[in-house]
S.K.: 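Sharing a structure, written as structure tokens. Questions coming.
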Amino acid sequence: MELELERLTFPSDQERPFVVAGPCSAETEEQVMTTARQLAKKGCHNFRAGVWKPRTKPGGFEGNGEKALPWMAQVKKETGMLVTTEVATPQHVELCLKYGIDFLWIGARTSANPFAMQALADALKGVDIPVLVKNPVNPDLELWIGALERINQAGIKKLGAIHRGFSSFDKKIYRNLPMWQIPIELRRRIPDLPIFCDPSHIGGRRELVAPLCQQAMDLGFDGLIVESHCDPDKAWSDAKQQVTPDVLDYILSLLIIRDEKITTEGISQLRQQIDELDNELMNLLAKRMRVCREIGQYKKEHNMTVLQPTRYNEILDKRGAQGALCAMHPDFVKRVFESVHEESVRQQMEIINQ
């Protein structure tokens with residue numbers, strides 16, 4: 001289904017992307033107000049802080065709840081910034097509306113649960129408030145779109161998505177794997193949906209915030225949601241990924257914002273070459289599949305299994321090494337040939353089962 005969307009109009013500097021900044025958690029009134037004042041002085045227009053904090057394990061700081069909402073209202077009154085927080089239950093929505101929160105976001109754990117999303121959608125019916133939906137914890141685009149659709153069907157037309165990366169057992173550089181191809185596909189499917197990047201949760205370490213912000217801008221994201229704390233090392237939650245308002249201001253000052261409106265005439269010939277090469281790739285893949293079907297027929301006639309693990313491993317190893325020599329990442333080449341092999345197996349299975 002198509003989403004019925006209205007333009008999101010958040011205040012921002014013309015020379016910078018739309019930015020929401022503030023601490024991971026609203027810890028104390030002093031901490032909230034100090035951070036908000038520092039951010040306001042740096043030109044920030046949108047303040048975020050977690051009022052309810054769903055933690056992975058019990059025993060950690062899980063937020064101040066309703067007690068913190070008057071602090072958010074005070075930020076709005078004193079600085080003029082719009083304020084936002086995460087909601088996970090209908091009661092959260094009700095309390096945020098009561099205290100004049102300007103817009104809401106829905107977290108990754110909640111967006112992964114259709115029951116929770118429907119409960120929030122029911123609570124938002126008849127309400128005119130912008131809502132941003134984070135990607136689910138697992139890399140499931142359909143689940144993310146489904147979460148957005150539920151909120152949209154409740155009548156919320158000022159809608160946006162937040163890319164915060166995806167959880168993985170095998171963590172390397174990032175806290176959450178960026179998997180940029182998923183928000184890129186979301187943009188292709190729903191072109192008018194604003195997509196914001198959460199570099200704090202993707203990186204998990206403050207030194208990764210700056211490069212992730214630039215990557216998001218290079219990919220045409222509509223803005224950033226960054227965790228900023230007046231004293232990050234003493235933060236009660238996610239201390240390692242928060243930056244001071246001064247550091248955030250410096251990061252934003254260095255961002256290069258690409259102009260999507262500049263004509264692409266200068267690269268039209270190169271794009272034509274890409275189209276021609278893509279056509280060649282499709283022809284080569286079609287030829288490869290024809291050979292695979294012949295192999296499938298041979299296997300059927302000689303009562304052989306479709307899957308030949310030794311041959312498959314040989315292909316992956318050989319092409320991965322070849323890719324490295326051709327200035328391509330071995331993991332990329334491996335993924336390509338895994339997909340090619342999957343389709344080859346599917347076609348051979350059709351022949352054997354005829």
Side-chain angles (χ1 to χ4, degrees), residues 19-42 44-113 116-117 119-120 123-124 127 129-134 137 162 164 175 196 198 200-201 204 206 209 225-245 248:
V19 176
V20 183
C24 173
S25 304
E27 301 162 2
T28 66
E29 183 175 6
E30 179 182 4
Q31 170 251 5
V32 167
M33 296 308 303
T34 299
T35 305
R37 291 176 187 128
Q38 291 178 7
L39 287 168
K41 286 181 180 178
K42 298 298 181 181
C44 184
H45 299 283
N46 308 279
F47 182 80
R48 56 140 291 155
V51 172
W52 298 279
K53 297 300 301 178
R55 310 310 297 168
T56 301
K57 294 182 178 179
F61 176 63
E62 296 188 336
N64 284 297
E66 184 177 1
K67 175 184 174 183
L69 289 172
W71 309 341
M72 301 290 281
Q74 182 60 28
V75 167
K76 181 178 177 180
K77 180 180 178 181
E78 182 178 318
T79 69
M81 287 193 287
L82 299 185
V83 294
T84 181
T85 195
E86 178 180 351
V87 294
T89 70
Q91 183 188 26
H92 294 171
V93 172
E94 182 181 340
L95 288 170
C96 285
L97 297 175
K98 175 183 174 182
Y99 285 93
I101 301 299
D102 295 292
F103 60 105
L104 310 173
W105 89 77
I106 297 171
R109 291 177 174 88
T110 308
S111 65
N113 185 336
M117 287 304 305
L120 288 175
L124 287 163
V127 177
I129 189 171
V131 178
L132 309 179
V133 181
K134 287 194 173 186
V137 290
I162 300 174
R164 48 81 77 189
R175 174 181 177 181
F196 309 106
D198 178 349
S200 305
H201 280 89
R206 58 179 65 106
V209 170
I225 296 184
V226 188
E227 290 189 346
S228 181
H229 191 292
C230 58
D231 192 354
D233 289 330
K234 295 181 181 177
W236 296 2
S237 59
D238 289 347
K240 293 181 180 180
Q241 67 191 38
Q242 301 191 65
V243 297
T244 64
L248 176 60

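Since the model is a prediction, treat every value here as computed from it, not as a measurement.
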S.K.: For L97, which residues count as a side-chain contact (heavy atoms from CB on, under 4.5 Å) partner, sequence neighbours excluded?
M.R.: V93, V127, I129
S.K.: Heavy atoms only: give me the nearest T34-C230 pair and the separation to one decimal.
M.R.: CG2-CB, 3.9 Å
S.K.: According to salt bridge (charged side-chain N to carboxylate O under 4.0 Å, His left out), who are the partners of R164, at least two apart in sequence or on a separate chain?
M.R.: none
S.K.: For side-chain contact (heavy atoms from CB on, under 4.5 Å), just list the numbers for R206 and E227, CA-CA rounded to whole Å, side-chain angles, deciding distance to a tenth of an Å, and then say yes or no.
M.R.: CA-CA 9 Å; R206 58 179 65 106; E227 290 189 346; over 6 Å; no
S.K.: Just jot down the salt bridge (charged side-chain N to carboxylate O under 4.0 Å, His left out) partners of R109, sequence neighbours excluded, or say none.
M.R.: none
S.K.: A quick test of your reading: do over 12 heavy atoms of other residues, nucleotides or ligands sit less than 6.0 Å from CD of E62?
M.R.: yes
S.K.: Partners of S25 by side-chain hydrogen bond (donor to acceptor under 3.5 Å, both in side chains), sequence neighbours excluded?
M.R.: S237
S.K.: For residues 65-75, tabulate all N or O donor-acceptor pairs below 3.5 Å that involve a side-chain atom, not counting sequence neighbours.
M.R.:
| from | atom 1 | to | atom 2 | distance (Å) |
| --- | --- | --- | --- | --- |
| E66 | OE2 | Y99 | OH | 2.8 |

S.K.: Could you go through L120 and V131, starting from their C-alpha distance and side-chain angles, then the distance that decides it, and tell me whether this counts as side-chain contact (heavy atoms from CB on, under 4.5 Å)?
M.R.: CA-CA 11 Å; L120 288 175; V131 178; over 6 Å; no
S.K.: Look at the side chain of Q242 and the backbone N and O of C24, then say whether any donor-acceptor pair between them is shorter than 3.5 Å.
M.R.: yes
S.K.: Who are the side-chain hydrogen bond (donor to acceptor under 3.5 Å, both in side chains) partners of D102, not counting sequence neighbours?
M.R.: K76
S.K.: If you measure from CD1 on I162 to CG on L132, what distance do you get to the nearest 0.5 Å?
M.R.: 4.5 Å
S.K.: Got a second to check how far T35's OG1 is from E30's CD, nearest 0.5 Å?
M.R.: 9.5 Å
S.K.: So which atom in P90 and which in A119 form the shortest heavy-atom distance, rounded to 0.1 Å?
M.R.: CG-O, 3.7 Å
S.K.: Looking at N64 and A26, would you say the former's side chain and the latter's main chain have a donor-acceptor pair under 3.5 Å?
M.R.: yes
S.K.: List the residues meeting salt bridge (charged side-chain N to carboxylate O under 4.0 Å, His left out) with E86, not counting sequence neighbours, and say none if there are none.
M.R.: none
S.K.: Find out whether H45 and L82 are in side-chain contact, i.e. whether some heavy atom of one side chain is under 4.5 Å from a heavy atom of the other.
M.R.: no
S.K.: Which of parallel (below 30°), tilted (30 to 60°) and perpendicular (above 60°) describes H92 and W52?
M.R.: parallel
S.K.: Without swapping roles, check the side chain of S200 against the backbone of V226 for a donor-acceptor pair under 3.5 Å.
M.R.: no
S.K.: Looking at side-chain heavy atoms only, is the closest gap between W105 and R48 below 4.5 Å?
M.R.: yes
S.K.: Do you know which two heavy atoms are closest between S228 and P245, and how far apart they sit?
M.R.: OG-N, 3.2 Å
S.K.: Between D238 and R175, is there a salt bridge with N-O shorter than 4.0 Å?
M.R.: yes
S.K.: Do the non-hydrogen side-chain atoms of V87 and I106 ever get within less than 4.5 Å of each other?
M.R.: yes
S.K.: Considering residues at least two apart in sequence or located in another chain, which fulfil the side-chain hydrogen bond (donor to acceptor under 3.5 Å, both in side chains) criterion with E27?
M.R.: H229
S.K.: Under the salt bridge (charged side-chain N to carboxylate O under 4.0 Å, His left out) test, which residues partner K53, sequence neighbours left out?
M.R.: none
S.K.: CD/Q31 to CG/D231 distance, rounded to the nearest 0.5 angstrom?
M.R.: 9.5 Å
S.K.: Would you give the length of the straight line joining atom OG1 of T79 to atom CG of L39, rounded to the nearest 0.5 angstrom?
M.R.: 9.0 Å
S.K.: Residues two or more places apart in sequence or in another chain: which of them pass ring pair (Phe, Tyr, Trp, His ring centres under 6.0 Å) with H201?
M.R.: none
S.K.: Do the non-hydrogen side-chain atoms of T84 and I225 ever get within less than 4.5 Å of each other?
M.R.: no
S.K.: Would you please name every residue forming a side-chain hydrogen bond (donor to acceptor under 3.5 Å, both in side chains) with E78, sequence neighbours left out?
M.R.: R37
S.K.: With F47, which of V32, V20, T85 fulfils side chain to side chain contact (heavy atoms under 4.5 Å, CB included)?
M.R.: V32
S.K.: Could you tell me which residues satisfy ring pair (Phe, Tyr, Trp, His ring centres under 6.0 Å) with F196, sequence neighbours excluded, listed by chain and number?
M.R.: F18
S.K.: Answer yes or no: is there a donor N or O on one side and an acceptor on the other, between the side chain of S111 and the main chain of V133, under 3.5 Å?
M.R.: no
